[in-house]
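Notes follow once the structure below has been shown.
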Amino acid sequence: MNIRILGFIFFFLAVSLTSTFAQVIAPPTRKNPNQQRSEERVLPVEEEETEGRRSLLDDSTRMVYGPTTSLYFFEKDIKRNNLILYPQDTALNNFHNYDPVAKSNWKYQDLGNIGSAAKPIFYEIPDVIGTRSGFSVYDLYYHAPEDNKYFDTKSPFTEMSAFFGGGQRNMLDLAFARNINPRWNVGFNFHTIRARKTLNPNARDDNMVVQNSYSLHTNYRSENGKYWFLGNFSRMLHEVNEIGGIIPPEEDSTSVYFTYEDAKVWLSNTQASDLRQEYRFYHEYSVRDELQIYHIFDQKNKDFTLTAALAGSDSFFYPSERLNAQEDNTQEDTTRNYSDFKEWGNEVGFKGSFKGFYYNAYGKFRAGRMESTFYPDKNIFNEVYIGGELIGKISDQWSISADGEYLIPGAFRLHGLFISPWLEVDYTKAVYKPTAMQQMYYGNHYQWDNDFNNIGVDQVRGVFKLDFNNIKLRPSLTINRVNNYVFFNQGREAEQASGEAFMLIPGLKSSIRVGQKFQWDTEVIFTQISGESSDNFRIPQLYANSKFYFDSPMFNENVYVQLGLDIRYHSDYYAEAYNPSTQQFYLQNDFNVYAYPVADIFLDFRINRTRVLLKYNHLNSGLMENEGYFVTPDYTGYKSFIDLGITWYLFD
C-alpha cells in the first residue's frame with residue numbers, strides 16, 4: 001500500500017471521527033446494520049408532520065436533526081397515491097460494491113473499468129415500447145429524472161461520498177437539499193467519474209472515462225394539500241477514450257494478455273461522448289380523494305458522438321472502406337459519427353383511490369426525431385398512447401395489480417402482479433418497437449436502412465418467500481418467450497431473428513445467519529435457452545454470487561462492522577464483443593469468456609452515520625490456472641488493487 005493511500009485512509013478516518021463527535025446527534029437506534037431500506041420505518045405524510053416536528057427536540061430541548069428529519073420520496077409513489085418517506089440509508093450491506101456494475105451484483109457486462117460501455121447480462125424488457133435511440137451502453141451511469149429523489153427536509157441536508165479506486169478509478173457524489181418553507185424543498189446532485197485506463201495508460205492522468213453530471217430538483221405542495229409540483233433538470237456529459245481492446249496475440253505476436261498497464265491495445269486516438277439533457281415536470285391537482293388530475297411533461301436530448309483520427313495506428317482497427325466524406329473532406333484520416341436523438345412527451349390523466357383500490361387512466365403523446373450528419377432525411381416519429389393501472393391492496397401483505405399501455409397502432413404492454421406473504425407472481429406480455437438506431441444508421445464505417453417488425457415477448461416470473469428462524473430462501477422461476485428479436489450480428493450490423501427463443505431461468509437467493517455474528521448471502525441463476533433464435537442471446541448458463549462475512553456491532557455498539565469475502569462466478573460463454581464505432585455489443589463465436597471465480601475481501605464499517613469501505617479486489621490473482629479473467633472479448637477484468645471509500649451526512 002503506497003503512502004498516498006495511507007494518507008487518504010488517515011484523512012477520512014479523521015474526518016469521520018471529527019464529524020461524529022462534533023455534531024449534536026440523536027442516540028443511535030439499535031437495529032441490524034444490514035437492514036434493507038424497505039425495512040426502514042417510513043411515515044405517512046400526516047404522521048410525519050406530527051412526529052417529525054416532535055422529534056426535533058430532545059430531553060434538553062436542543063434541536064436534533066438526523067436521518068428521520070431529512071426524508072425523501074419518489075415521483076412514482078406520488079403518482080400512485082402511495083407516498084412513502086424514506087430516511088437516509090446508513091446500511092452497510094453491499095457498501096463496498098460502490099461502482100454501478102458492482103451495485104448490480106455484477107449483472108452487467110462492461111469493459112473492465114468504471115464508466116465503460118455496459119449492457120445487462122440477462123434479457124430485459126425495455127421500459128419504453130415506442131421509439132428509443134438505441135444508444136444505451138452508458139445508461140447505467142445516467143441519473144434519470146424519473147428515478148431521482150425528492151426531499152422533505154426539516155433542515156439543510158448534505159450527503160457526500162468519495163470513492164478512490166485502485167489504479168486511479170475515482171468517483172465523487174454530492175447531494176444537497178433544504179426546505180424553503182415546510183411545503184417547498186429544493187436541492188441538487190453532482191456526480192463525477194475519473195477512471196484512468198486500466199489497459200495501456202500513457203500517463204498518470206490518461207483517463208479512459210471522464211464524467212460530469214448534475215441535476216437540479218424542487219418539489220412544492222400547496223397549503224391545503226391539493227396541489228403537488230415536482231420538477232427536475234438533469235445533465236450528463238460522459239466522455240470515453242476508447243481502447244478497442246487488447247490486440248490478440250494471433251494478430252501481433254508481441255501482444256500478451258494480462259500485462260494490464262503494458263498491454264498493447266488497438267486504439268489511442270478515438271473518443272466517444274454521450275451528452276444528455278432532460279427536463280421533467282410532474283404536477284397534480286386533487287379534486288377529492290377519489291379523483292386527481294395530473295400532467296407529466298418530459299423533454300430529452302441525447303447526443304452521441306464518436307471521433308477517430310485515422311492517420312495513425314487506429315486505422316487498422318476499423319474497416320478500410322470509408323462510407324461518407326467528413327466535413328473537412330479528409331475521409332481517409334478522420335471519422336466523426338454524430339447522432340442526435342430528441343423527444344418531447346406529454347402525459348395527461350386522472351387517478352384516485354377508492355375503498356382500497358387505486359386507479360389511473362391516461363393519454364400520452366410522444367414526438368421526436370433521430371438526426372445524423374449523413375442521414376438522407378430526419379428520422380421523425382409521432383406516437384400516441386393510451387393506458388391505465390389498477391391496484392387492489394387487500395392488506396399490508398396481500399395485493400394485486402394490473403397495468404397496460406397501447407401505442408396506436410401495433411405496440412402494447414400488459415402487466416399483472418400478485419403479491420402474498422409467501423408468493424409473488426408477475427406476467428408481462430409486450431410488443432415493442434426496434435430502436436431508431438437499429439432501423440437506420442449512417443456512419444463512416446457501417447450503414448443500413450431497415451424496416452424491422454416489432455419485437456414480441458411473453459414473460460412469467462414467480463418467487464416463493466420461505467422464511468425460517470435464521471434462514472431466508474427465495475427460489476424463483478422466470479420463463480421468457482421472445483420473437484422477432486433484433487440484435488447485432490457477427491458482421492456488426494443490425495439483424496432481425498426469424499424465429500423464437502425460449503428461456504427457462506430458475507434461480508435461488510438465500511440469506512443465512514450463522515450464529516450471532518456471521519452472515520452468508522448467495523444468489524444462483526441457471527439459464528437454459530432453446531428455440532430457433534436461441535444463439536442470438538449470449539447469457540452464461542450459470543451465474544453465482546456469494547458473500548460470507550462477519551456482521552456485528554462493536555465497541556458498545558458505537559461501530560458497526562462487516563468484514564468478509566465476496567465471490568462471483570459465471571460459466572463459460574461466448575460473450576458479445578464491443579464495437580466502439582457504433583457503440584453496440586455484437587455476436588461473436590471465437591472468444592470464450594471462460595469461467596473464473598473472482599474473490600474480493602472487504603471491510604465496511606459505520607461510525608454513527610459515517611460509512612467507510614476498504615476493499616481488496618481480485619484476492620485470488622495468481623492463484624488460479626489462468627493468469628486472470630475477461631469481462632468482454634479482449635478486455636480483461638480487474639487486477640489486484642485496493643479501493644477506499646467514505647460516505648457521510650450533514651443534517652444542519
Can you tell me which residue among E239, R194, H191 is in a side-chain hydrogen bond (donor to acceptor under 3.5 Å, both in side chains) with N212? R194

So, does Y141 use its side chain to make a donor-acceptor pair with the main chain of S116 at under 3.5 Å? yes

Taking all heavy atoms of P145 and all of E278, pick out the closest pair and write down the distance. CD-OE1, 3.3 Å

Counting distance only, does the side-chain N/O of N556 pair as donor-acceptor with the main-chain N or O of N558 below 3.5 Å? no

Flag yes if more than 12 heavy atoms outside D396 fall under 6.0 Å of its CG atom; otherwise flag no. no

Has R276 got its NZ or CZ under 6.0 Å from the middle of the six-membered ring of Y142, at an angle within 45 degrees of the ring axis? yes

Do H217 and F151 have ring centres separated by under 6.0 Å? yes

Salt bridge (Lys or Arg N to Asp or Glu O under 4.0 Å) involving E261 - partner list, sequence neighbours excluded: K639

As a quick check of understanding, evaluate side-chain contact (heavy atoms from CB on, under 4.5 Å) for T610 and I646, giving each step before the final call. CA-CA 7 Å; T610 301; I646 184 170; 3.9 Å; yes

Exceeds 12 heavy-atom contacts within 6.0 angstrom, atom CG of D127: no

What do you reckon, are the aromatic ring centroids of Y649 and F157 less than 6.0 Å apart? yes

Okay, side chain of D147, backbone of A144: is any donor-acceptor separation there less than 3.5 Å? no

Kindly say whether the aromatic ring centers of Y220 and F229 come within a distance under 6.0 Å. no

Do the ring centers of H618 and Y638 come within less than 6.0 Å of each other? no

Have a look at E389 and tell me which of K351, K79, R80 forms a side-chain hydrogen bond (donor to acceptor under 3.5 Å, both in side chains) with it. R80

Looking at E242 and K197, is there a salt bridge between them, counting it only when a charged N and a carboxylate O are closer than 4.0 Å? no

Counting only heavy atoms not in K103, do more than 12 fall under 6.0 Å of its NZ? no

Quick one: salt bridge (Lys or Arg N to Asp or Glu O under 4.0 Å) partners of D566, sequence neighbours excluded? none

Any side-chain heavy atom of Q519 sitting closer than 4.5 Å to one from S511? yes

Report yes or no: does D173 contribute a side-chain atom to a donor-acceptor pair with the main-chain N or O of T192 at less than 3.5 Å? no

Using a 6.0 Å cut-off, check whether atom NZ of K107 has over 12 heavy atoms from anything other than its own residue. yes

Salt-bridge test for K300 and D298: reply yes if a basic N is under 4.0 Å from a carboxylate O, no otherwise. yes

Of all heavy-atom pairs between G112 and V631, which one has the smallest distance, and what is that distance? N-CG2, 3.5 Å

Parallel, tilted or perpendicular: which fits the ring planes of F304 and F135, with parallel below 30° and perpendicular above 60°? parallel

Pi-cation contact, F602 with K615 (under 6.0 Å, within 45°): no

Distance-only side-chain donor-acceptor flag, Q397 / S395, under 3.5 Å: no

Is F73 close to I78 at the side-chain level, that is, under 4.5 Å between some pair of heavy atoms? yes

Using modelled atom types only, decide if a donor and an acceptor are shared between the side chain of E557 and the backbone of M554 within a distance under 3.5 Å. no

Distance flag, aromatic centroids of F548 and F550, threshold under 6.0 Å: no

With a cut-off of 6.0 Å (strictly less than), are more than 12 heavy atoms of other residues, nucleotides or ligands near CH2 of W344? yes

Ring centres under 6.0 angstrom apart (F188, F176): yes

Would you confirm whether R568, through its side chain, and A102, through its main-chain N or O, come within 3.5 Å as a donor-acceptor pair? no

Heavy-atom side-chain contact between Q562 and F605 under 4.5 Å: no

Do E146 and K76 pass the salt bridge (charged side-chain N to carboxylate O under 4.0 Å, His left out) test, and can you show the C-alpha distance, the side-chain angles, and the key distance before you say yes or no? CA-CA 8 Å; E146 60 266 31; K76 63 182 180 180; over 6 Å; no

Using a strict threshold of under 4.0 Å (side-chain N to carboxylate O), is an ion pair present between E284 and K226? no

Counting N and O atoms only, with roles assigned by atom type, does the side chain of Y362 sit under 3.5 Å from a partner on the main chain of H295, one being a donor and the other an acceptor? no

Does the ring centre of Y98 sit less than 6.0 Å away from the ring centre of F95? no

Salt bridge (charged side-chain N to carboxylate O under 4.0 Å, His left out) between R280 and E75, worked out: CA-CA 11 Å; R280 185 178 179 89; E75 176 192 304; 2.8 Å; yes

Do the side chains of E159 and R609 get close enough for a salt bridge, i.e. N-O under 4.0 angstrom? no

Is the closest side-chain heavy-atom distance between T636 and Y260 below 4.5 Å? yes

In terms of relative ring orientation, are Y543 and F122 parallel, tilted or perpendicular, with 30° and 60° separating the classes? perpendicular

L650 backbone acceptor or donor facing T158 side chain under 3.5 Å: no

